Amino acid sequence: MEILSKDIESLPSDVLDLYKKFIDRSDFFPIHADSETIHFLVSDNEGARKAALLALKTKRKARFKFIDKETLLKTAEDFSYIFDEEISMDMDKSLENMEGYDILSGVSEDAPVVRLVNQLIMNAIRTGASDIHVEGTERNLIVRYRIDGRLKTIKTLDKGLQDFIVARIKVMANMDVAETRRPQDGRINIQFGTKVIDIRVSTIPTSVGEKVVLRLLQRSEAILNLSALGLDEKRMSVLKRLLRSPNGIILVTGPTGSGKTTTLYASIYEIRDESINIVTIEDPIEYRIDGIAQVQVNTAIGVTFAQAIRSFLRQDPDVILVGEIRDEETAEAAIQASLTGHLVLTTLHTSDAPTAVARLVDMNIEPFLISSSLLLVIGQRLVRKICPKCKKMIHVEEELGHLFAQRGVRLKSYYKGQGCEECLGTGYKGRTGIFEFLVIDDDIRKLIMKKPSSAQIKALARQKGMKSMFVHGLELIKKGITTPEEVITATAQN
């Protein structure tokens, strides 16, 4: 029986309404219905029982096709939009009925606020959004998604819904619903089809009510994989080789939102093995990984990056992941760990790879410690990828051509997305990384001993073949993967 989207999209309303009332729909899915029969995909006997019950209640016969659960969940995920409802209008009309509504017991399928919040989360997952922003203005409530690094307004709701939506999200995240005067943090774990999503929730009080930001983190091996980062073959080979080092530091640099944490986790996934003891100290823990000891920073009880690293050394670790080097104490602890036979993976906020060395020197770390512990410094940024559905070759505008000419590059034409339904009119779909790899060899070690400036390190590294992020970006432009505007924006300070 072939699955046709037009059959699923034309399911009768009585079938859809009844299907949505089942609390657990993970083992059966209706794909076609007429006046006499409903055809279902089912994964087991329990799913078949539910399907038969649904058919009986609608006075139809049930036909089953047994498939594996993962395929069924993937199908349900692909067609989940069919079960969306225009809830906001219902809520606007029913606001007066929500007086006295107990948000703490808001688990009923009939509660409009529950359905609206669920829909906002599901739509964000479907569109590939990384964050959901729910914020009030003087007149209304705005919902924005961050898609490929850019915020986009998705819904404008009635201002009266703000307290209900914020309270519902707080309940889901095990936060204090009654506390509205101070910032709070929480976490939600949900499953959406085949996807397992960790949602980090943050609220802050503002002059127009509480603002909520939900960060969506997918626990997917496809995402946390070196091949998904955008590294070319040569850089991939260098990173894989150095990840097998018995000791030393691999440092990932870049501003907030440049994908540093994803690179660290992808590296961990690459070397993860039952024979290797991997421990992490993070603030906050972004991805939960089985088989790895992950520790959350908690300064209130003395669990800092530096203190945790010292504690880890008594746990016989092979690899230590440090979320970020923020101060001299953490830097010293990480370097000491690397010098005593441990591989340390960590991040640092700098504009490029060569600047990281100068930054460590500024932290009063002795140059001989830096030179003897550092293996590799990775500088990175994220750029949006051109939507393949609406990609077209265009000629370079004069102003853009001038910007590249200033960097010694003649650019005549490039690919650009024209905007379509697939990319929500942006011309971009997804993101990839642009990188620079500063491999610490003997020559660079000798230079570090002299406390060099970042410009001196950069000059020597380029003599030895280091390609900058701008050069990597140019390669992606020529391949039709990204646009000149994206590369210029990402490497403006590089």
Side-chain angles (χ1 to χ4, degrees), residues 127-131 144-154 229-235 253-260 349-355 378-438 453-463 465-494:
T127 57
S130 61
D131 302 84
R144 296 188 291 170
Y145 291 169
R146 187 177 293 281
I147 301 171
D148 296 333
R150 303 293 195 280
L151 281 171
K152 185 178 180 65
T153 300
I154 301 298
L229 297 179
L231 290 166
D232 58 45
E233 199 171 309
K234 186 177 179 181
R235 290 186 180 95
T253 71
T256 301
S258 59
K260 300 187 299 297
H349 281 161
T350 62
S351 59
D352 57 17
T355 307
I378 302 172
Q380 71 176 77
R381 296 287 188 281
L382 291 177
V383 293
R384 291 183 291 175
K385 295 194 292 187
I386 303 166
C387 173
K389 295 281 186 182
C390 58
K391 182 163 74 171
K392 286 186 179 179
M393 177 76 80
I394 66 169
H395 291 291
V396 175
E397 302 87 349
E398 185 178 342
E399 186 178 346
L400 189 60
H402 180 65
L403 284 173
F404 275 81
Q406 287 180 324
R407 295 192 175 199
V409 178
R410 290 188 62 190
L411 194 66
K412 294 182 178 179
S413 58
Y414 63 97
Y415 285 99
K416 187 172 184 177
Q418 303 302 298
C420 64
E421 191 174 316
E422 182 74 17
C423 61
L424 302 176
T426 63
Y428 297 96
K429 185 75 173 176
R431 289 192 289 176
T432 189
I434 54 174
F435 301 87
E436 63 183 13
F437 273 37
L438 174 60
S453 67
S454 58
Q456 290 174 303
I457 297 171
K458 186 181 296 186
L460 179 58
R462 287 183 175 173
Q463 282 177 29
M466 184 189 84
K467 291 182 179 179
S468 68
M469 285 182 272
F470 178 72
V471 171
H472 189 197
L474 278 179
E475 293 170 1
L476 298 187
I477 293 170
K478 291 172 183 175
K479 291 176 182 176
I481 294 173
T482 190
T483 62
E485 293 93 338
E486 283 293 297
V487 173
I488 285 289
T489 301
T491 63
Q493 304 298 320
N494 188 232

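Each residue takes its place number in the sequence, starting with 1. Just so it is clear, the structure is predicted and the values come from calculations on it, not from any experiment.
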| Between CG of L382 and OG1 of T432, what distance do you get to the nearest 0.5 Å? | 8.0 Å

| request: Report yes or no: is the cationic atom of R407 (NZ for Lys, CZ for Arg) closer than 6.0 Å to the six-membered ring centre of F470, at no more than 45° off its axis? | output: yes

| Nearest heavy-atom neighbours spanning R410 and K412 | NH2-CE, 3.7 Å

| note | For I434 and H472, the nearest pair of non-hydrogen atoms, with its separation, is CA-ND1, 3.3 Å

| Taking atom CE of M469 and atom OG of S351, what is their separation to the nearest 0.5 Å? | 7.0 Å

| Heavy-atom closest pair, residues F437 and I378 | CE1-CG2, 3.7 Å

| request: Calculate, to the nearest 0.5 Å, the distance between atoms OG and CD1 belonging to S413 and I477 respectively. | output: 11.5 Å

| remark: Nearest heavy-atom approach of S468 to R462 is CB-NH2, 3.4 Å

| Contact check, side chains of P484 and L411, non-hydrogen atoms, under 4.5 Å | yes

| query | Between F404 and V396, is any pair of side-chain heavy atoms under 4.5 Å apart? | reply | no

| said: Tell me if a side-chain donor or acceptor on R384 pairs with a main-chain N or O of Y428 at a distance below 3.5 Å. | reply: no

| Under 4.5 Å between any side-chain heavy atoms of P388 and E422, yes or no? | no

| message | Looking at every non-hydrogen atom in both residues, tell me the closest pair between C387 and C420 and how far apart they are. | response | SG-SG, 3.7 Å

| query | Checking side-chain contact (heavy atoms from CB on, under 4.5 Å) for the pair I147/T426: CA distance, chi angles, key distance, verdict? | reply | CA-CA 10 Å; I147 301 171; T426 63; over 6 Å; no

| said: Do V487 and T482 make a side-chain contact, defined as non-hydrogen atoms from C-beta onward lying under 4.5 Å apart? | reply: yes

| field | Heavy-atom side-chain contact between L438 and I457 under 4.5 Å | value | yes

| note | residues 386-398 vs side chain to side chain donor-acceptor pair (under 3.5 Å), sequence neighbours excluded, gives E397-Y414

| field | Spacing of E421 atom CD and C390 atom SG [to the nearest 0.5 Å] | value | 11.5 Å

| query | Side chains of T253 and D352: does their closest heavy-atom pair fall under 4.5 Å? | reply | no

| Going by heavy atoms in the side chains, are I488 and E485 under 4.5 Å from each other? | no

| query | Which atoms form the tightest heavy-atom contact between E436 and P354, and what is the distance? | reply | OE2-CD, 3.5 Å

| query | Is a side-chain N or O of K260 found less than 3.5 angstrom from the main chain of P255, in a donor-acceptor match? | reply | yes

| Should we count CD of Q406 as having more than 12 external heavy atoms under 6.0 Å? | yes

| query | D148: what forms a side-chain hydrogen bond (donor to acceptor under 3.5 Å, both in side chains) with it, not counting sequence neighbours? | reply | none

| query | Who passes side-chain hydrogen bond (donor to acceptor under 3.5 Å, both in side chains) against E475, sequence neighbours left out? | reply | K467

| query | For K385, does its backbone N or O pair with a side-chain atom of E486 as donor and acceptor, under 3.5 Å? | reply | no

| task | Supply the atom-to-atom distance M466 CE to L460 CG, rounded to the nearest 0.5 angstrom. | result | 10.0 Å

| message | Measuring from atom CG of L403 to atom CD of E399, what distance do you get when rounded to the nearest 0.5 angstrom? | response | 6.0 Å

